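A short write-up of the structure that comes next.
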Amino acid sequence: MAAMAALQSSMATLSLSSSNSFFGQRLSLPSLSFPQVKSPEKPCLIVVKLKRWERKECKENSLPVLHKMHVKVGDTIQVIAGDDKGKIGEITKIFRHNSTVVVKEINLKTKHVKSREEGEPGQIIKIEAPIHSSNVMLYSKEKNIASRVGHKVLDDGKKVRYLIKTGEIIDNAEDWKKVKEESKKTEVAATTTS
């Protein structure tokens, strides 16, 4: 009881007028000086945590290191390892930060999708999961053979990829135009449907 009476008396003496008010004012702290820490001469390797068991290297600006890959979008490949070994397909998407590719109609996984609206049923759909690029090999449609890729410079100074076993040049300007036109068509179709 004595404590309550003391608290009430101290609150009564506190004036909340604008001249004596301490509310809304900044609290001034004594300036604290921290010792300067020398930065190490060799910067530490920054690592991004994508999954609990998997770490990916990053640059100093925290962007992932993009790996060089022997395949590009639109290439015909053959799977050389895994459950879909021996299957042939076309690359639709590339992820350069972890060296994986998505191949059309290969490495299909089932995904259970919940209903978004009331009354709409859930679905079980098949999606194309990524495959590591080391598990695919470029494929020649003409000679039906998988081969490693080589690089050479043509007479006009253009650097191209070719199949080592057959000598077939992969990077043609016509093929790239077809791939770009198809990607534009799919983008236009996606924007018109949404």
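The analysis underlying the following values was restricted to heavy atoms, covering all of them including side chains, and did not include hydrogens, waters or symmetry mates. Remember, it's a predicted structure, so these values are computed and weren't measured experimentally. This chain uses plain numbering: 1 for the first residue, then up along the sequence.
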**Request:** Could you grab the distance from atom CZ of Arg148 to atom NZ of Lys165, nearest 0.5 Å is fine?
**Result:** 8.5 Å
**Prompt:** Under 3.5 Å, is there a donor-acceptor pair between the side chain of Ser140 and the main chain of Ile145?
**Reply:** no
**Item:** Student check: side-chain heavy atoms of Lys59 and Val65 closer than 4.5 Å
**Value:** yes
**Request:** Measure from the side-chain N and O atoms of Asn135 to the backbone N and O of Ala81, and report whether any donor-acceptor pair falls under 3.5 Å.
**Result:** no
**Message:** Main chain of Val136, side chain of His70: is a donor-acceptor contact present, judged purely on distance under 3.5 Å?
**Reply:** yes
**Request:** Test Pro130 against every option in Asn98, Val102, Ile94 by the side-chain contact (heavy atoms from CB on, under 4.5 Å) rule and name the one that passes.
**Result:** Val102
**Message:** Restricting to non-hydrogen atoms, name the atom on Phe95 and the atom on Met69 that form the minimum distance, rounded to 0.1 Å.
**Reply:** O-SD, 4.2 Å
**Item:** Distance, nearest 0.5 Å, that separates CG of Asn144 from OG1 of Thr166
**Value:** 11.0 Å
**Prompt:** Which atoms form the tightest heavy-atom contact between Lys87 and Ile106, and what is the distance?
**Reply:** CB-CD1, 3.8 Å
**Prompt:** Is the backbone of Lys158 close enough, under 3.5 Å, to the side chain of Asp156 for a donor and an acceptor to pair up by distance?
**Reply:** yes
**Prompt:** Do the side chains of Lys72 and Ile170 get nearer than 4.5 Å, heavy atoms only?
**Reply:** no
**Asked** Is there a donor-acceptor pair under 3.5 Å between the side chain of Asp171 and the backbone N or O of Arg161?
**Response** yes
**Message:** Please report the interatomic distance NE2(His97) to CG(Leu66), rounded to the nearest 0.5 Å.
**Reply:** 9.0 Å
**Request:** Find the distance between CD1 (Ile125) and NE2 (His112) and round it off to the nearest 0.5 Å.
**Result:** 10.0 Å
**Prompt:** Do Met137 and Ile88 belong together in a cluster built from hydrophobic side chains that touch within less than 4.5 Å?
**Reply:** no
**Message:** Nearest 0.5 Å, please: how far is NZ in Lys126 from CG in Leu108?
**Reply:** 6.5 Å
**Message:** So which atom in Asp84 and which in Val79 form the shortest heavy-atom distance, rounded to 0.1 Å?
**Reply:** O-CB, 3.4 Å
**Request:** May I ask whether Val103 and Tyr139 are part of the same hydrophobic cluster, defined by side-chain heavy atoms of I, L, V, M, F, W, Y residues being less than 4.5 angstrom apart, directly or through others?
**Result:** no
**Request:** Drop me the distance from Gln123's CD to Thr110's OG1, to the nearest 0.5 angstrom.
**Result:** 13.5 Å
**Item:** Check: Ile164 main-chain N/O paired with Ser147 side-chain donor or acceptor under 3.5 Å
**Value:** yes
**Request:** Measure the shortest side-chain to side-chain distance between Asn107 and Glu128 over non-hydrogen atoms and say whether it is less than 4.5 angstrom.
**Result:** no
**Prompt:** Between Gln78 and Ala146, what is the shortest heavy-atom contact and its length?
**Reply:** OE1-CB, 3.2 Å
**Message:** Looking at every non-hydrogen atom in both residues, tell me the closest pair between Lys109 and Ala129 and how far apart they are.
**Reply:** CG-CB, 3.5 Å
**Prompt:** Would you say Asp83 has more than 12 foreign heavy atoms packed within less than 6.0 Å of its CG?
**Reply:** no
**Prompt:** Would you say Ser99's side chain and Ser133's backbone share a donor-acceptor pair under 3.5 angstrom?
**Reply:** no
**Prompt:** What pair of heavy atoms forms the shortest contact from Ser115 to Glu120, and how long is it?
**Reply:** CB-O, 2.6 Å
